[in-house]
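Every value quoted in this text rests on a predicted model; they were computed, and no experiment measured them. By convention in this document, chain letters (A, B, ...) are assigned in the order of the sequence lines, proteins followed by strands, and residues within each chain are numbered from 1.
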There are 2 protein chains.
Amino acid sequence: MNPNRPVYLKLRDQIAAAIIDGVYPEGAMLPSVRALAAEQGANPLTVAKAYQQFQNDGLVEVQRGVGMYVVRGAADRLRAAEREAFLRVEWPEIRSRMARLGLDPADLAPAS
Amino acid sequence: MNPNRPVYLKLRDQIAAAIIDGVYPEGAMLPSVRALAAEQGANPLTVAKAYQQFQNDGLVEVQRGVGMYVVRGAADRLRAAEREAFLRVEWPEIRSRMARLGLDPADLAPAS
DNA sequence: CGAGGTGCATCAGTGCCATAATACAGCCAT
DNA sequence: ATGGCTGTATTATGGCACTGATGCACCTCG
């Protein structure tokens, strides 16, 4: 969202979206830190920092020396957590902002 | 929104909302940097940095040594600008995120 | 003129972020 | 066992944004 958002958080969001969308299915191995770093033009440690988030939440399983794998149910758990957080903290603010600007979500629902 | 959002931007948003809502009517003087700083527990320079944004956009008129005043039409111009920016950059991202999370704006429209 | 209110400029301190260079630890195919 | 792939730890460095303290320039009012 914010263009000034730290790289490791942007990567984290991007990977989370990929997991939810099934780009990285359950049981699949995530790209190695070095591979993703090269592909994204980032530093391997920055990628590792992004991956760290998912380890803490138990969404990926680390096999040291092999790779990191998406655990079973990760997509559902991730979607549920993101949805809860979105509805709880972001949506109320968005709604109040839209109200202030004279906008109604229902009017914008069909097309952008 | 983001708790890590810089103070000067949070103040800026808060002031913009106040102008749109008519808390600071056109022609009225904004609180002095020192007064608002004391009230918000911030540094006067941080408040000045927030005010700076509105000066650049010509929404307030600075009378050095006197104070800063809301210009005529500032509320409308501000609302129009914020609405345009919201629809152009934020709303598309919000919609795609909600789609990924399986949410529909129309369902959340009536109550929060 | 002086006092007290304005905004503004300058300088310095602090912390986070990103990068880099190495080195280490574990696994696997050959 | 060896080479090559994984993730991880350590340390150092540069950059940048945010915040803060101080002092100055300007205006109004008595």
Any side-chain N or O of Y8(B) below 4.0 angstrom from OP1/OP2 of dT19(D)? no
Just the rounded figure in Å: distance from P of dC27(D) to CE of M29(B). 15 Å
Would you kindly say whether Q52(A) and N56(A) are connected by a side-chain donor-acceptor distance under 3.5 Å? yes
Does R34(B) contact dG5(C) through a side-chain donor or acceptor facing the base, at a distance under 3.5 Å? no
note: E61(A), atom CD; dG7(D), atom C1'; distance rounded to Å ~ 14 Å
Phosphate OP1/OP2 of dA21(D): any N43(B) side-chain N/O under 4.0 Å: yes
Whole angstrom value for the distance that separates C1' of dG7(D) from OH of Y69(A): 12 Å
Gap between atoms CG and P, on L9(A) and dC17(C) respectively (whole Å): 7 Å
First encountered from the 5' end of DNA chain C, between Q63(A) and P44(A): P44(A)
Where do F54(A) and V71(A) land on the side chain to side chain contact (heavy atoms under 4.5 Å, CB included) test, with the steps shown first? CA-CA 10 Å; F54(A) 298 107; V71(A) 307; over 6 Å; no
Rounded distance (nearest 0.5 Å) linking atom CG of L45(B) with atom OH of Y51(B): 13.5 Å
Could you identify which residues of residues 45-56 of chain B place a heavy atom less than 4.0 Å from some atom of DNA chain C, listed by residue number, or say none? L45(B), Q55(B)
Rounded to the nearest angstrom, tell me the gap between atom CG in L36(A) and atom P in dT8(D). 14 Å
Can you tell me how far the CZ atom of R100(A) sits from the CG atom of D21(B), to the nearest 0.5 Å? 4.5 Å
P6(A) has its side chain closest, among dG7(D), dC17(C), dG7(C), to dC17(C)
Check for a donor-acceptor pair, side chain of E26(A) on one end and backbone N or O of G73(A) on the other, with a separation under 3.5 Å. yes
Atom pair CG/CZ of L59(A) and R72(A) - distance to nearest 0.5 Å: 14.5 Å
